[in-house]
Colleague: 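Here's a structure for you.
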Amino acid sequence: MLSVELAEGNVHQYAKGISIGEIIYNVYGKKSGCVAALVDDCERDLSFTLTESCKVEPIFGDSEAGMFILRHSCAHLLAQAVTELYPSAKPTIGPPIDHGFYYDFEMNPIGDEDLRKIEKKMQEHVRSNHTIIREEYENAELRDMFSSNPYKIEIIDEKVGDHGSTVYQQGDFTDLCLGPHVPSTSHLRWFKLTSTSQAYWRGDSSLTSLVRIYGMCYPTKEGLKGRIKQLEEASKRDHKKIGREMELYMIDEQIGKGLPVWLPNGEILKSEIEKYAVETEEEYGYVRVTTPVLAKKELFETSGHLPHYADGMYPPMKMDDGTYYLKAMNCPMHHLVYKSKKRSYRDLPLRVAEYGTVYRNELSGTLAGLLRVRMLSMNDAHIYCTLDQIAAEVASNVQMVQDYYSKFGFEDYSFRLSLWDPESTEKYIDQPENWKATEDRLRSIMDDLGVNYTEAIGEAAFYGPKVDIQFTTALGREESMSTIQLDFAAKERFGLTYMDDKGVENGEVMVIHRAPLSTHERFVAFLTEHWIGNFPTWISPIQVQIITISERFSEYATELGSKLKEQRIRVAIDDSDSTIGRKIRTHRKMRPAYMVIIGEEEVANGTVSVRARNGDQRNGVLTEHFLQEIKDEISSRSPRLSLV
RNA sequence: GCCUCAGUAGCUCAGCUGGUAGAGCACUGGAUUUGUAAUCCAGCGGUCGGGGGUUCGAUUCCCUCCUGGGGCUCCA
């Protein structure tokens with residue numbers, strides 16, 4: 001006999017050789033939704049048999065760990081269907097991911113119809129309820145078993161030692177896998193294949209191109225339906241859709257991919273954001289410059305862009321006095337601003353800001369609305385400081401980012417420390433000791449600030465580590481927004497120095513690149529998705545939409561409009577002869593902060609009726625009172641509608 | 001750049017297996033003068049993304065290019 005302690009702390013006695021499944025079914029019932037268990041904190045299949053006393057804790061399908069197992073098993077189910085329908089397909093890897101799973105196959109590209117066919121086959125296997133069996137094999141046996149699949153052999157070479165490993169079998173399908181898995185395929189009922197894409201073996205574009213199939217999987221019908229609903233809701237936030245509706249920007253193929261045109265409404269957003277940034281940076285002690293959008297090749301060779309970032313730049317233009325490139329970053333020119341005169345320690349930190357555009361040759365397939373573009377409007381700046389000043393400068397930039405975000409109502413973001421990848425030195429300036437020192441410095445600054453962050457290898461800029469602030473878009477893609485980057489290379493490359501307080505020329509100038517508002521394009525995209533177009537009043541393209549009940553009240557409406565305009569409030573008037581219901585319906589699309597309704601009563605009493613975007617309404621507001629309140633709301637840059 | 005799906009009026013979409021196109025909204029004109037998510041009538045509007053091919057005939061089938069969505073890679 002052996003004693004098994006269940007999670008609640010009660011100990012049961014069982015005969016040796018009993019499986020976890022038997023115990024769990026006994027205690028929790030067959031329909032508990034249990035998919036696996038922790039045996040002494042180690043994940044095991046339910047078929048695992050016990051030989052000694054231990055602690056057993058069930059893993060239910062609706063727990064995080066359980067869903068991971070479920071999704072992993074669903075990936076196997078997918079591979080089972082694919083290999084059956086396409087016998088030449090070679091499965092490679094198929095991990096669980098958030099909301100679902102994917103599996104990469106070497107096979108001929110497939111389309112939507114295939115996806116439905118595969119889905120159907122998977123459903124069949126769910127109904128057949130194959131038992132999922134775990135088996136242990138020696139290394140040599142595994143090689144034999146997977147001899148026709150070079151990918152699996154590669155995995156065996158790499159991960160499976162002499163002790164061998166396990167395979168999981170369901171029906172005719174067998175996959176090399178450590179598990180654990182759900183006990184049988186009937187647990188995998190609530191899945192849906194979502195898309196296919198190309199992926200590379202080991203993520204390396206020089207290796208075989210594979211077909212990746214994505215799916216989602218949930219323990220219950222409600223879970224799956226909920227997720228589908230959630231995705232539908234999210235797509236309503238899509239800035240591309242709202243951007244078209246609100247006439248924020250356009251992209252015209254005659255201009256080019258990734259080159260958005262800011263339409264008047266979008267330009268208002270952009271310039272309000274810029275105005276705010278100018279004020280903020282004045283407070284923080286920045287000076288502003290403007291530099292050209294292109295410069296000679298030699299400058300970008302000095303900066304290191306051409307050796308390390310050439311792929312990201314537009315191709316060169318040959319002129320009679322040399323070869324020019326469009327700038328992908330402002331830094332080289334700002335370094336020249338720094339060097340334009342002899343600098344003293346009294347000048348530092350020197351904070352050079354620029355509002356302008358840079359041009360990057362992003363891969364055409366990555367371009368997406370305003371989220372990824374080739375012309376980037378930036379609220380860029382470079383800070384030149386001594387080593388002692390770095391911590392304070394990073395801190396004030398983290399603070400600035402947090403202040404901006406709270407002003408714009410962003411709450412859901414995370415900090416990421418982006419480090420270099422010592423394995424791919426060609427992407428970076430190859431000075432390992434400088435990388436280590438600068439990364440350690442940045443890490444300890446972040447630790448001192450008490451900001452939570454994750455670390456990411458291979459996400460650094462070519463000249464140094466950075467702090468990126470990460471967001472997830474409405475459609476679930478993670479993107480970097482703001483960035484604070486340390487640059488240990490510029491001082492040498494450009495010979496940046498200052499005269500220190502001993503009268504000695506000092507070359508220890510650290511450059512901090514920072515863009516707290518991301519690019520205007522990306523920022524506005526996030527802002528649009530976050531607010532679903534219902535922007536805070538101070539940036540709203542239309543702050544007040546005046547609507548008349550009939551044309552008889554046009555005069556009063558025009559007067560009110562003039563009063564608002566005098567206060568620099570953005571106002572539009574609709575005194576057409578349409579009905580009030582229709583006007584409200586029509587103007588909702590443009591999402592004005594407030595609609596003001598003017599009719600008999602208002603004219604008689606010198607009042608307005610104020611209707612907010614959410615439908616809340618306040619009637620009989622004295623015009624003067626309305627003016628004062630909306631002025632206050634705008635000047636305080638409040639993220640909330642205060643008038644209703 | 002690669003894989004995949006798509007491309008019909010300014011927008012949202014319909015158009016069965018080939019016989020050169022429709023609706024709603026928007027826009028213009030008229031009627032109506034309206035109290036909170038669509039008043040009525042009429043009109044304007046499309047080389048069916050571009051080019052090539054198959055065919056008596058192509059929006060429809062094939063090829064190719066362009067553009068867009070999703071993904072890979074890359075990145076603010």
Side-chain angles (χ1 to χ4, degrees), chain A residues 102 104 108-115 194-201 203-206 209-214 235 238 240-241 244-245 247 250-254 256-258 309 311-312 328-329 358 360-374 376-380 418 427 458-461 466 468-471 475-483 485 513-523 525-526 547-554 575-589 595 597-602 609-611 615-617 619:
Chain A
Y102 67 80
D104 289 346
N108 292 326
I110 56 168
D112 272 3
E113 272 174 42
D114 300 277
L115 224 49
T194 49
S195 62
T196 62
S197 80
Q198 180 214 31
Y200 300 103
W201 175 234
D204 183 339
S205 58
S206 68
S209 171
L210 306 170
V211 172
R212 175 170 298 178
I213 301 176
Y214 283 94
S235 71
D238 189 349
K240 297 188 289 291
K241 181 178 173 301
R244 191 167 41 237
E245 237 169 58
E247 298 172 17
M250 61 172 223
I251 291 177
D252 190 305
E253 62 183 82
Q254 293 175 92
K257 292 174 139 186
Y309 197 75
D311 286 350
M329 297 176 188
V358 297
R360 297 187 187 169
N361 182 19
E362 296 291 333
L363 293 177
S364 61
T366 66
L367 302 171
L370 288 178
L371 268 174
R372 173 156 283 104
V373 292
R374 283 178 169 165
L376 298 76
S377 308
M378 277 225 251
N379 152 227
D380 197 12
S418 299
K427 277 170 67 182
E459 297 288 348
K466 51 181 184 164
D468 291 316
I469 294 89
Q470 301 298 109
F471 272 72
L475 299 175
R477 195 169 17 200
E478 185 183 309
E479 300 278 9
S480 293
M481 278 272 273
S482 312
T483 184
Q485 318 180 343
H513 307 237
R514 38 109 283 172
L517 288 169
S518 185
T519 62
H520 293 314
E521 288 78 14
R522 185 169 288 181
F523 197 81
F526 272 99
I547 292 173
T548 54
I549 299 282
S550 93
E551 281 173 316
R552 290 188 291 133
F553 314 114
S554 289
D575 60 353
S576 66
D577 72 348
S578 177
T579 60
I580 177 75
R582 187 171 183 99
K583 287 184 190 179
I584 287 171
R585 188 185 168 91
T586 303
H587 294 296
R588 269 175 53 86
K589 188 179 72 142
M595 292 196 208
I597 289 139
I598 305 298
E600 193 93 51
E601 275 174 47
E602 287 74 15
S609 290
V610 184
R611 181 193 163 98
D616 285 353
Q617 175 129 358
N619 292 341

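Chain letters run A, B, ... following the sequence lines, proteins first and then strands; every chain starts at 1.
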Colleague: State which residues pass side chain to side chain donor-acceptor pair (under 3.5 Å) with A:Asn361; sequence neighbours excluded, sorted by chain then number.
Modeller: none

Colleague: Under the 3.5 Å rule, do the base of B:A76 and the side chain of A:Thr519 count as making a donor-acceptor pair?
Modeller: yes

Colleague: What pairs with A:Gln485 under side chain to side chain contact (heavy atoms under 4.5 Å, CB included), at least two apart in sequence or on another chain?
Modeller: A:Ala461, A:Tyr463, A:Lys466, A:Thr483, A:His513

Colleague: List, with names and distances, any nitrogen or oxygen atoms from the protein found under 3.5 Å away from nitrogen or oxygen atoms belonging to nucleotides 43-52 of chain B.
Modeller:
none

Colleague: Who passes side chain to side chain contact (heavy atoms under 4.5 Å, CB included) against A:Glu245, sequence neighbours left out?
Modeller: A:Lys241, A:Lys589, A:Arg591

Colleague: Quote, to the nearest angstrom, the C1' distance that separates B:G45 from B:G29.
Modeller: 15 Å

Colleague: Is it true that a side-chain atom of A:Arg522 and a backbone atom of A:Ser480 form a donor plus acceptor pair closer than 3.5 Å?
Modeller: yes

Colleague: Name the nucleic acid region contacted by A:Glu521, choosing base, sugar-phosphate or nothing; use a 4.0 angstrom heavy-atom cut-off, strictly under.
Modeller: nothing

Colleague: What closest approach, in Å, do A:Phe526 and A:Met481 show between heavy atoms, and which atom pair accounts for it?
Modeller: CD1-SD, 3.1 Å

Colleague: Provide the distance between the two C1' atoms, one in B:C44 and one in B:A9, to the nearest whole Å.
Modeller: 11 Å

Colleague: Whole angstrom is fine here: how far is it from CG in A:Leu371 over to P in B:G68?
Modeller: 14 Å

Colleague: Test of understanding: with side chain to side chain donor-acceptor pair (under 3.5 Å), list the residues that count as partners of A:Ser235, not counting sequence neighbours.
Modeller: none

Colleague: Within this structure, what is the CD1-to-C1' distance between A:Ile549 and B:U39, rounded to whole angstrom?
Modeller: 15 Å

Colleague: Is the backbone N or O of A:Ser609 less than 3.5 Å from a side-chain atom of A:Gln617, with the two atoms forming a donor-acceptor pair by type?
Modeller: no

Colleague: A:Glu478 near the nucleic acid: base, sugar-phosphate alone, or nothing, with a heavy-atom cut-off under 4.0 Å?
Modeller: nothing

Colleague: Show me, range against range, the stems involving RNA chain B, built from at least 3 consecutive Watson-Crick or G-U pairs below 3.5 Å.
Modeller: B:1-7 with B:66-72, B:10-13 with B:22-25, B:27-31 with B:39-43, B:49-53 with B:61-65

Colleague: A:Tyr214: what forms a side chain to side chain donor-acceptor pair (under 3.5 Å) with it, not counting sequence neighbours?
Modeller: A:Arg212

Colleague: Between B:C66 and B:G49, how many Å separate the two C1' atoms, rounded to a whole number?
Modeller: 7 Å

Colleague: Decide yes or no, distance alone: a donor-acceptor N/O pair under 3.5 angstrom between the base of B:U36 and the side-chain of A:Arg611.
Modeller: yes

Colleague: So which atom in A:Ile251 and which in A:Gly256 form the shortest heavy-atom distance, rounded to 0.1 Å?
Modeller: CG2-O, 4.0 Å

Colleague: With sugar-phosphate meaning primed atoms plus P, OP1 and OP2, does A:Leu210 contact a base, only sugar-phosphate, or nothing at under 4.0 Å between heavy atoms?
Modeller: nothing

Colleague: Closer than 3.5 angstrom, by distance alone: can the side chain of A:Arg360 be matched with the main-chain N or O of A:Ala328 as a donor-acceptor pair?
Modeller: yes

Colleague: Just N and O in the side chain of A:Thr483: are any of them under 4.0 Å from OP1 or OP2 of B:A76?
Modeller: no

Colleague: Report yes if at least one side-chain N or O of A:Lys257 is closer than 4.0 Å to OP1 or OP2 of B:U67; otherwise report no.
Modeller: yes

Colleague: Closer than 4.0 Å, any side-chain N/O of A:Thr579 to the OP1 or OP2 of B:U39?
Modeller: yes

Colleague: Show the nearest heavy-atom pair for residues A:Leu370 and A:Ala525, with the distance to one decimal.
Modeller: CB-CB, 4.0 Å

Colleague: Return the value, rounded to whole Å, for the distance between atom CG of A:Asp252 and atom C1' of B:G68.
Modeller: 13 Å

Colleague: Kindly give the atom pairs (protein nitrogen or oxygen, nucleotide nitrogen or oxygen) under 3.5 Å for nucleotides 8-13 of chain B.
Modeller:
residue	atom	partner	partner atom	Å
B:U12	OP1	A:Arg244	NH2	3.0

Colleague: Would you indicate, yes or no, if B:G70 has its OP1 or OP2 atom less than 4.0 angstrom from a side-chain nitrogen or oxygen of A:Lys240?
Modeller: yes

Colleague: Determine the Euclidean distance between corresponding P atoms of B:U54 and B:G1; express it in Å to zero decimal places.
Modeller: 30 Å

Colleague: Contact class for A:Met595 (heavy atom, under 4.0 Å): base, sugar-phosphate, or nothing?
Modeller: nothing

Colleague: Would you kindly compare A:Gly369 and A:Ser518 by the position of their nearest RNA chain B nucleotide and give the one closer to the 5′ end?
Modeller: A:Gly369

Colleague: Just to verify, what does A:Ile213 make a side chain to side chain contact (heavy atoms under 4.5 Å, CB included) with, not counting sequence neighbours?
Modeller: A:Leu78, A:Val82, A:Phe105, A:Ile110, A:Leu115, A:Ile118, A:Leu193, A:Thr196, A:Val211

Colleague: Give A:Val373 one of three labels, base, sugar-phosphate or nothing, depending on what nucleic acid heavy atoms sit under 4.0 Å from its own.
Modeller: base

Colleague: For A:Asp468 and A:Gln470, indicate whether the former's side chain and the latter's backbone hold a donor-acceptor pair under 3.5 Å.
Modeller: no

Colleague: Taking the same atom, P, in B:U17 and in B:U47, what whole-Å distance lies between them?
Modeller: 25 Å

Colleague: Not counting sequence neighbours, which residues clear side chain to side chain contact (heavy atoms under 4.5 Å, CB included) with A:Asp380? List them please.
Modeller: A:Asn330, A:Met378, A:His382

Colleague: By the 4.0 Å heavy-atom rule, please label A:Glu362 as base, sugar-phosphate, or nothing.
Modeller: base

Colleague: Expressed in angstrom and rounded to an integer, what is the separation of A:Asn361 atom CG from B:G1 atom P?
Modeller: 9 Å

Colleague: Under 4.0 angstrom, heavy atoms only, what part of the nucleic acid is A:Lys466 near: base, sugar-phosphate, or nothing?
Modeller: sugar-phosphate

Colleague: Base, sugar-phosphate, or nothing for A:Ser480, non-hydrogen atoms under 4.0 angstrom?
Modeller: sugar-phosphate

Colleague: Heavy-atom nearest nucleotide on RNA chain B for A:Ala368 versus A:Ala460: which residue maps closer to 5'?
Modeller: A:Ala368

Colleague: Identify the two heavy atoms, one from A:Glu551 and one from A:Asp575, that lie closest to each other, and give their separation to 0.1 Å.
Modeller: CG-O, 3.2 Å

Colleague: Nearest whole angstrom, please: distance from the C1' of B:G69 to the CG of A:Leu363.
Modeller: 17 Å

Colleague: Could you give the distance separating B:A6 and B:A14 at their P atoms, to the nearest angstrom?
Modeller: 13 Å

Colleague: Give the minimum heavy-atom separation between A:Tyr200 and A:Leu210, together with the two atoms involved.
Modeller: C-CD1, 4.0 Å

Colleague: Base, sugar-phosphate alone, or nothing: which one does A:Gly581 contact when heavy atoms must sit under 4.0 Å apart?
Modeller: sugar-phosphate

Colleague: Report, one pair per line, the protein and nucleotides 24-27 of chain B atoms (nitrogen or oxygen only) whose separation is under 3.5 Å.
Modeller:
residue	atom	partner	partner atom	Å
B:A26	OP1	A:Arg582	NH2	2.6
B:A26	OP2	A:Arg582	NH2	3.0

Colleague: Which residues pass the side chain to side chain donor-acceptor pair (under 3.5 Å) test with A:Glu253, sequence neighbours left out?
Modeller: none

Colleague: By the 4.0 Å heavy-atom rule, please label A:Arg552 as base, sugar-phosphate, or nothing.
Modeller: sugar-phosphate

Colleague: Report the distance from atom CZ of A:Arg212 to atom C1' of B:U73, rounded to the nearest whole Å.
Modeller: 10 Å

Colleague: May I ask you to evaluate whether A:Tyr214 reaches the phosphate of B:C72, defined as a side-chain N or O under 4.0 Å from OP1 or OP2?
Modeller: yes

Colleague: With a 4.0 Å cut-off on heavy atoms, is A:Glu601 in touch with a base, just the backbone sugar-phosphate, or nothing at all?
Modeller: base

Colleague: Just the rounded figure in Å: distance from P of B:U67 to CG of A:Leu367.
Modeller: 10 Å

Colleague: Whole angstroms only, please: what is the CD-C1' distance between A:Glu600 and B:U36?
Modeller: 16 Å

